[in-house]
Amino acid sequence: MASRFQAVTLVDSPSYPNSIAWSDENLIAVASGHLVTILNPALPFGPRGLISINRSEPYPIGAVKREDLASGCLLPTTLNRDPRPSVRSVSWSNLGMAPNSGCFLAVCTTEGHVKLYRPPFRDFCAEWIEVLDLTDRLYDYLASISFEDPDIPPSEISNFAQPLVKTFKEPVTNHGYVDDPTDSVSVEEQKRRKVNNFGVRNAGLETSCDQISRGPSPSPELEGQGPPKGRCTKSGGRKSSHQIVPATRGRGRSAKKPPEVCSLPLITADQYASRSAMLSSLVVAWSPLLKLSSRICGAPEINSSICFSLLAVGSKSGKISFWRINVPEYYSIEQSLAPTRVELIGILKAHSSWVTAISCALLASDSSSPQVLLATGSSDGSVRIWIGHGEEFLKSTEVNNAPFYPLKEIINIYAVPVSVLALMPTQSLHKMLLAVGRTSGAIEVWIGDTSVKTFNKAGPYDAHDQVVTGLAWAFDGCFLYSCSQDNFVRSWSLRGSSLSEMPIPSSSPGLRSVSDMPDVFISCLGLVVSPSNLAVAMVRSFDVNQLDHMYEARLQKAAVEFFWIGGHQKDILSNTSLEFDIEALPGFTEKELVYWESNILWSLKQYEHWDKPLVIWDIVAALLAFKWSAPDYVDHVLVKWLSSSFVDVHVERSIGKVLPHVCKSFCKAASRQLQLLNIICRQVILPELNADEINSNLLNFTVDNPNFAQDKQHKLWMDLLSRSEKELRERLVGISFSAYRSFASNSATTSSEPGYWYPFGMAQMEQWVANNNHQVHDQLKVVATEIKTCKRSRCIELAEEDKEQCSYCSAPVPFESPEFGVCRGMESNGSSGQQHKLARCAVTMLVCPITPLWLCKCCQRWISKLAPESLFKMPQQYCLDYKFSPEPSSIKVASKPQCPFCGILLQRSQPEFLLSPLPV
């Protein structure tokens with residue numbers, strides 16, 4: 001039986017399938033009851049993030065007669081007595097959607113509301129910040145078209161959304177009112193029914209991520225109209241782009257007072273149920289990030305592009321609403337007011353019954369015209385596969401015509417509801433895999449070719465005895481993992497069109513002791529594979545009847561468990577044998593170590609693509625776990641990776657022989673390969689040294705340096721790290737020099753714009769080249785000489801003072817190191833004052849200002865100005881020539897909030913008691 005290597009408990013238990021999600025930031029969100037718990041898998045017992053779900057005011061969608069409340073279609077609404085809504089579905093966006101370049105979290109509640117949340121990167125709290133409620137936007141649209149009811153004019157509904165609406169006394173249901181409130185209702189009964197009178201807002205398409213609800217405040221539009229209050233108020237001294245204007249809450253009053261007339265249209269029970277179903281969301285899913293060039297999107301600027309993602313929201317009506325959410329124009333950690341455009345681009349009638357599962361994927365096709373695959377499942381047992389083209393998501397003008405087209409419909413003759421879906425595009429062009437989980441416990445796998453619209457079925461398989469609650473693909477579709485309410489987790493291997501069950505590897509490197517956690521689970525309600533595919537996390541519910549009711553049952557309702565899956569056989573290997581003694585690794589067979597080696601190398605290879613977010617926590621954790629017991633095995637794996645990625649010729653298979661060859665090939669390596677190597681050096685080879693010690697040792701490091709008291713192999717790794725970072729810094733300096741010269745030769749005045757990179761720190765970079773004249777490339781020396789002769793008067797905005805001043809005492813700060821500067825101290829009474837050590841920006845080498853700074857969690861360097869995107873895109877065998885001169889119309893380069901030396905996402909430094917992601 002497989003053994004977990006770490007586990008953490010939750011205070012509430014999930015209630016719905018797919019209750020766990022893993023983000024590109026290396027954060028895990030778990031839908032646990034009325035909470036969303038956000039964990040860091042690198043620090044499972046550390047700080048947590050939290051989203052608390054509260055009751056929302058129902059929407060005024062119409063009035064029904066009292067006698068209609070007993071209708072079958074209204075019974076679920078009439079009998080609803082949930083004291084507090086729960087979380088039904090969660091989904092992470094891609095990296096780069098939040099104002100700090102992080103991820104948005106979409107949350108769907110049992111009330112049917114879908115809300116977006118951002119991390120509290122500048123709020124210094126554990127509670128995540130609500131950005132907007134998409135269901136409010138959906139109501140605004142449906143009210144404007146009378147909920148597609150031609151018999152009722154839109155004005156009768158939309159007028160109710162205005163502040164001039166009067167309040168009503170007696171509600172019938174959570175959303176409507178009776179037309180004849182003649183019966184006397186006691187105060188106690190009204191409190192039990194939670195009587196509310198309410199209004200709605202009128203939202204625009206432009207919203208700020210910081211315009212969220214912060215408490216009620218009077219609305220100036222309602223002066224003289226009674227005491228209605230707004231749910232969405234001013235934030236940060238700025239007026240909100242939209243207002244939510246609810247009326248006062250009803251208080252139990254005597255029915256003898258003549259009631260006010262309800263202005264809502266009288267509708268039938270079926271109409272009410274239909275409108276309620278349109279607003280009752282069940283599941284959410286993000287599409288991958290789509291980037292369209294200026295040629296496709298019609299942008300006026302050359303080299304411009306539009307980046308956005310789609311959020312699909314499935315409802316009880318069988319319809320799916322699609323929301324286009326654009327990437328922020330610029331990223332900031334000082335404020336969250338970067339504009340984010342949200343637009344409803346289409347509503348698709350996908351099924352005739354509830355939409356219970358949605359899965360999105362990017363089809364591996366021409367990148368200039370991306371295609372989105374969409375799989376939807378329903379409670380009637382049907383599954384449909386759709387395809388949409390990227391340019392149509394921008395050109396879509398009719399909401400009722402969603403830009404998706406059907407590819408395949410799967411009908412289940414027994415109408416067994418679909419519980420979960422997992423869509424996976426393969427590396428082959430136009431190929432895809434779809435796994436379907438049903439409430440009967442069966443799973444199906446469909447293998448499709450979208451170019452010819454052919455789909456072959458593998459299965460069904462009676463995988464579980466109860467509802468399938470989670471499905472996840474791993475290793476490019478080679479393995480499928482499933483979990484169920486029957487508390488079983490199974491692993492499946494896909495070979496051709498055949499699916500066969502395989503046990504989860506029982507051997508676990510670095511097994512941690514979790515004996516203090518009771519092993520009395522009753523169900524599993526979701527699983528997810530780690531970004532590098534080496535681990536799987538699953539959420540299980542405890543059987544509270546078997547727990548100690550005084551201590552355990554109060555705080556331990558569920559747990560998130562982590563299992564290693566790197567020991568699976570992904571490929572059919574030849575007679576491969578290891579080149580060292582395996583007795584140092586008890587519990588592992590030689591084949592399992594070969595499988596681990598193959599999977600780690602596969603994972604590292606995936607991250608050599610510059611656009612894939614660098615989240616290698618599981619790779620680092622696995623290598624460290626093996627290193628503690630068998631360091632020779634880790635050396636063996638790293639030698640193979642270095643040989644395949646950096647060395648073109650065959651060398652002796654030893655770490656001491658490979659490292660010198662690797663150093664010689666740095667000038668031909670891609671930037672992402674160097675950044676990946678830097679992370680391995682810091683986190684795997686030198687974990688006993690903190691980042692500051694490594695940075696200090698790198699300043700004047702040589703292999704013969706006697707001050708670095710480590711063995712010879714560690715000195716070779718330090719030399720490798722030093723040369724790799726100098727190569728990246730040289731590339732950054734070369735790009736800055738070339739851009740500086742282009743701006744200087746441009747007659748037009750150039751100014752810095754948010755979201756775009758501009759070269760700063762020219763004087764410091766010139767000094768760095770002079771200090772390292774014997775190590776930098778000859779091409780860079782030539783460009784540095786030309787920079788001195790440029791006419792800097794034509795780019796005044798880019799020129800900095802050669803002499804920097806201390807931020808604390810205004811003393812001069814000479815340039816001596818690219819890592820930090822030490823001021824000379826102000827003289828007082830003939831003696832020099834206190835000297836201050838100041839951090840320098842890792843990009844510009846300028847002294848960092850006293851403002852919130854970006855921080856790399858790997859190398860612990862501070863950054864005030866972001867690096868250019870072109871640095872991260874440098875491929876293998878690039879031309880080492882810094883003499884290019886781009887045209888003035890195309891010199892705009894996007895800035896990337898990534899570390900130039902490690903390539904991971906930068907973030908704002910947080911206190912130790914608050915949650916922060918750790919990609920490594």
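The figures that follow rest on heavy atoms only: side chains count, while hydrogens, waters and symmetry mates do not. Every value quoted in this text rests on a predicted model; they were computed, and no experiment measured them.
- Looking at residues two or more places apart in sequence or on another chain, you find a side chain to side chain contact (heavy atoms under 4.5 Å, CB included) between T356 and W354, S379, V418.
- Closest heavy-atom contact between A375 and L423: N-CD2, 4.2 Å.
- A distance-only check finds a donor-acceptor pair linking the side chain of S280 to the backbone of S276 [under 3.5 Å].
- Rounding to the nearest 0.5 Å gives a distance of 9.0 Å between OG of S287 and CD1 of I325.
- Of all the heavy atoms in A31 and V90, the pair that sits closest is CB-CG1, 4.1 Å.
- Atoms CG and CD, on L527 and E561 in that order, are 11.5 Å from each other to the nearest 0.5 Å.
- Using a 4.5 Å cut-off on side-chain heavy atoms (C-beta onward), L282 and V355 make no contact.
- Counting all heavy atoms, side chain and backbone alike, S91 lies closest to A285 at OG-CA, 3.7 Å.
- With D486 contributing its side chain and H464 its backbone, the two residues share no donor-acceptor pair below 3.5 Å.
- In terms of modelled atom types and a separation under 3.5 Å, the side chain of R324 and the main chain of F393 share a donor-acceptor contact.
- A donor-acceptor distance shorter than 3.5 angstrom exists from the side chain of R438 to the backbone of V416, with no hydrogens or angles considered.
- The heavy-atom pair separating Y16 from T110 by the smallest distance is OH-CG2, 3.3 Å.
- Not counting sequence neighbours, Y117 has no partner by the ring-ring contact (aromatic ring centres under 6.0 Å, His included) test.
- Looking at every heavy atom in both residues, A402 comes nearest to L348 through CB-CB, 3.8 Å.
- Using a 4.5 Å cut-off on side-chain heavy atoms (C-beta onward), P406 and R384 make no contact.
- Separation of atoms SG (C73) and CD (Q271) is listed at 10.5 Å; rounding is to 0.5 Å.
- Using the six-membered ring where Trp is involved, W128 and W92 have ring planes that are perpendicular, over 60° apart on the 30 and 60° scheme.
- In this structure, R48 and L10 have side chains that are in contact, with non-hydrogen atoms separated by less than 4.5 Å.
- No side-chain donor-acceptor contact under 3.5 Å links R275 to the backbone of G62.
- Nearest heavy-atom pair, T135 versus D133, reported as atom, atom and distance to 0.1 Å: N-OD1, 2.9 Å.
- Side chain of S419 to main chain of G437: a donor-acceptor pair is present (N/O by atom type, distance under 3.5 Å, no hydrogens or angles).
- Applying the side chain to side chain donor-acceptor pair (under 3.5 Å) rule to R88 yields no partners; only residues at least two apart in sequence or on another chain are considered.
- In this structure, W286 contributes its side chain and S309 its backbone to no donor-acceptor pair below 3.5 Å.
- F488 places none of its side-chain heavy atoms less than 4.5 Å from the side chain of D465.
- Between the side chains of D270 and T268, not a single donor N or O lies within less than 3.5 Å of an accepting N or O.
- The CZ atom of F322 sits 10.0 Å away from the CG atom of L311 when rounded to the nearest 0.5 Å.
- L138 is listed as a side-chain neighbour of W323, based on a closest heavy-atom distance under 4.5 Å.
- V114 places a side-chain heavy atom less than 4.5 Å from the side chain of C108.
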>> Please determine whether side-chain contact (heavy atoms from CB on, under 4.5 Å) holds for the pair V342 and L134, giving the CA-CA distance in whole Å, both sets of side-chain angles, and the decisive distance to 0.1 Å.
In response: CA-CA 9 Å; V342 180; L134 290 179; 3.9 Å; yes
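- Results of the side-chain contact (heavy atoms from CB on, under 4.5 Å) test with F404 over T376, L310, L373, I385 single out L310 as the only residue that passes.
- Distance check: E148 CD to I347 CD1 gives 6.5 Å after rounding to the nearest 0.5 Å.
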>> Let's go through N412 and V436 carefully: what are the C-alpha distance in whole Å and the side-chain angles of both, what is the deciding distance for side-chain contact (heavy atoms from CB on, under 4.5 Å) to 0.1 Å, and is it a yes or a no?
In response: CA-CA 11 Å; N412 185 273; V436 182; over 6 Å; no
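- With hydrogens and angles disregarded, a donor-acceptor distance shorter than 3.5 Å links the side chain of E111 to the backbone of S56.
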> How far apart are the C-alpha atoms of N54 and R84, what are their side-chain angles, what is the distance that settles it, and do they pass the side-chain contact (heavy atoms from CB on, under 4.5 Å) test?
Replying inline: CA-CA 7 Å; N54 300 315; R84 192 170 186 180; 3.2 Å; yes
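- The main-chain N or O of K319 is found under 3.5 Å from a side-chain atom of S315 such that the two form a donor-acceptor pair.
- In this structure, NZ in K457 is found 11.5 Å from CG in L434, a value given to the nearest 0.5 Å.
- Side-chain contact check for F147 versus L279: some heavy-atom pair is nearer than 4.5 Å.
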> Would I267 and V64 count as a side-chain contact (heavy atoms from CB on, under 4.5 Å) if you check the C-alpha gap in whole Å, the side-chain angles of each, and the deciding distance to 0.1 Å?
Replying inline: CA-CA 6 Å; I267 60 177; V64 296; 3.9 Å; yes
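- Judged purely by atom type and a 3.5 angstrom limit, K349 uses its side chain to pair as donor or acceptor with the backbone of H351.
- Side-chain contact between V87 and L35 is absent, with no heavy atoms from C-beta onward closer than 4.5 Å.
- Residues H113 and Y59 place their aromatic rings such that the two centres sit under 6.0 Å apart.
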